[in-house]
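The block underneath contains the structure these notes are about, expressed in structure tokens.
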2 protein chains.
Amino acid sequence: MMDRRVRKTREALYSAFVALVAERGYDGFSIQDLIDEADVGRTTFYAHFKAKEDLLQFGFNRWRDELTSLPKSTAAERRGFMEALLGHTKSHAGLFAALLGGGGGALAETEFRSIVEEVVAAEVGPDEHRATMIAMLSGALLAAIRQWIDAGVKGSGAEILDAFDKLVSAAKR
Amino acid sequence: MMDRRVRKTREALYSAFVALVAERGYDGFSIQDLIDEADVGRTTFYAHFKAKEDLLQFGFNRWRDELTSLPKSTAAERRGFMEALLGHTKSHAGLFAALLGGGGGALAETEFRSIVEEVVAAEVGPDEHRATMIAMLSGALLAAIRQWIDAGVKGSGAEILDAFDKLVSAAKR
DNA sequence: TTCGGTAACGGATATCTTGTCCGTCATCAA
DNA sequence: TTGATGACGGACAAGATATCCGTTACCGAA
């Protein structure tokens with residue numbers, strides 16, 4: 001098991017990170033601000049993370065671990081997966097809003113997309129443009145989620161999944 | 001008309017910017033590096049641009065001006081517009097690759113999307129989820145272009161437009 | 001409960017980047 | 001030709017970064 005001190009320090013840093021991103025945006029604070037907020041020594045930060053971006057990766061890895069445990073065999077299960085995805089997004093809307101529209105956007109988007117792609121790929125049949133289609137559908141879903149967040153994450157997001165289904169059915173033909 | 005000195009300075013800065021982004025990525029160089037490359041005084045940079053991001057905006061504004069002059073009334077004209085878009089992207093692939101996957105990603109994506117949305121909106125009929133649909137299609141197109149770039153911009157991009165048409169037709173129903 | 005190992009600490013530091021100031025010189029357009 | 005304007009180099013303070021040190025406090029296995 002991991003040393004308790006390590007766990008505590010990482011937790012403190014990650015919590016501070018989340019709070020600061022939501023409050024000031026990804027580029028709105030320095031590492032100095034971060035370690036002040038986390039109440040952790042400067043050296044300690046660098047003992048655990050190489051840069052701010054590592055912290056973002058750290059969070060996505062956690063989330064990914066959480067999501068990969070869900071079953072994705074049947075269409076219904078995949079719908080459940082997406083609902084879980086939307087639910088998590090909704091409950092951390094402030095964080096995602098800051099991420100998707102800031103300096104962490106590139107990494108956040110890549111991570112988000114890779115999580116989504118796994119499920120989308122299962123919906124797309126073999127095709128000459130399969131790779132293009134998967135990229136397009138993932139991009140479409142991500143764009144819809146982003147717009148949902150920008151509009152204040154109203155509703156359960158079911159409209160998004162419905163609209164998405166429309167596109168998926170087109171991809172199948 | 002604009003003072004020749006002003007034109008020359010801006011051109012020098014923008015050329016250096018393009019070269020450095022393509023070579024080292026958006027976050028891979030400092031303003032110091034930029035003015036060294038452009039062989040321009042530090043003060044001079046700040047007399048024209050507030051930050052690195054302004055230079056990116058400057059480039060997109062140019063591109064936008066170029067594209068808005070194209071007609072977009074008929075479906076065929078809109079297809080031509082998209083072909084022009086893809087053509088330009090292809091001939092500046094190195095630049096876009098660095099932008100869409102780097103720190104300038106947020107602004108670059110916003111700009112790219114806003115250029116695309118105008119055309120996409122014309123394809124989508126009135127609908128209860130019109131806004132969502134437009135966002136999705138724009139996102140899909142952008143994702144396809146990004147994948148195209150990552151794969152080495154092979155071909156004319158016609159496959160992208162074909163696949164895109166499939167999705168558009170689904171959105172119309 | 002002890003004890004060797006390990007993590008966190010504060011403080012210091014060298015280096016880089018940023019944005020702004022100045023007076024001087026070169027270039028422009030009228 | 002000339003008054004206006006832009007570009008220049010040099011310098012500067014402020015802030016951030018990443019790494020060093022010796023010391024202290026905590027952990028968990030024996």
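In what follows, every chain begins at residue 1, and chains take the letters A, B, ... in the order their sequences are listed.
- Here the two rings, on B/Trp148 and B/Phe164, have centers that are 6.0 Å apart or farther.
- Residue B/Ile35 contributes atom CD1, which lies 19 Å from atom P of D/dG6 at whole-angstrom precision.
- Between B/His48 and D/dA7 there is a side-chain polar atom (N or O) within less than 4.0 angstrom of OP1 or OP2.
- To the nearest angstrom, C1' of C/dT13 lies 14 Å from CD of A/Gln32.
- Backbone-only engagement by A/Asp39 is indicated by non-hydrogen atom pairs under 4.0 Å involving sugar-phosphate atoms exclusively.
- Note on ring orientation: taking the six-membered ring where Trp is involved, the planes of B/Trp63 and B/Phe96 are tilted (angle from 30° to 60°).
- For A/Arg5 against D/dC26, a side-chain-to-base donor-acceptor contact under 3.5 Å is present.
- Considering only side-chain atoms of A/Ile31, the nucleotide from D/dC27, D/dT17, D/dC8 that sits closest is D/dT17.
- The side chain of B/Tyr46 lies closest to C/dT20, out of C/dA29, C/dT20, D/dA7.
- Nearest-nucleotide positions on DNA chain C for B/Thr43 and A/Val6 put A/Val6 closer to the 5' end.
- Look at CZ on A/Arg4: it is 13 Å from P on C/dA8, rounded to the nearest Å.
- Atom P of nucleotide C/dT18 and atom NZ of B/Lys50 are separated by 13 Å, given to the nearest angstrom.
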* Decide salt bridge (charged side-chain N to carboxylate O under 4.0 Å, His left out) for A/Glu109 and A/Arg146; before the verdict, give the C-alpha distance in whole Å, the side-chain angles of both, and the deciding distance to 0.1 Å. => CA-CA 10 Å; A/Glu109 184 151 344; A/Arg146 176 173 289 173; 3.1 Å; yes
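- Between the CD atom of B/Glu11 and the C1' atom of D/dA7 there is a distance of 17 Å, rounded to whole Å.
- Between A/Asp33 atom CG and D/dA14 atom C1' the separation is 14 Å, expressed in whole Å.
- Taking atom CZ on A/Phe49 and atom P on D/dT19, their separation rounds to 16 Å, with Å as the unit.
- For A/Lys52 and B/Lys8, each mapped to the nucleotide of DNA chain D holding its nearest heavy atom, the one lying further toward the 5' end belongs to B/Lys8.
- Residue A/Tyr14 is tested with A/Phe58, A/Phe49, A/Phe45 for a ring-ring contact (aromatic ring centres under 6.0 Å, His included); the sole match is A/Phe58.
- When the P atom of C/dT18 is taken as reference, atom CG of B/Asp54 falls 14 Å away, rounded to whole Å.
- Of the candidates D/dC27, C/dC9, C/dC28, C/dC28 carries the atom nearest the B/Asp3 side chain, counting heavy atoms from C-beta on.
- B/Lys90 places a side-chain N or O within donor-acceptor distance of the main-chain N or O of B/Val153, the cut-off being under 3.5 Å.
- With the nearest nucleotide of DNA chain C identified for both B/Arg7 and B/Arg42, B/Arg42 has the one nearer the 5' end.
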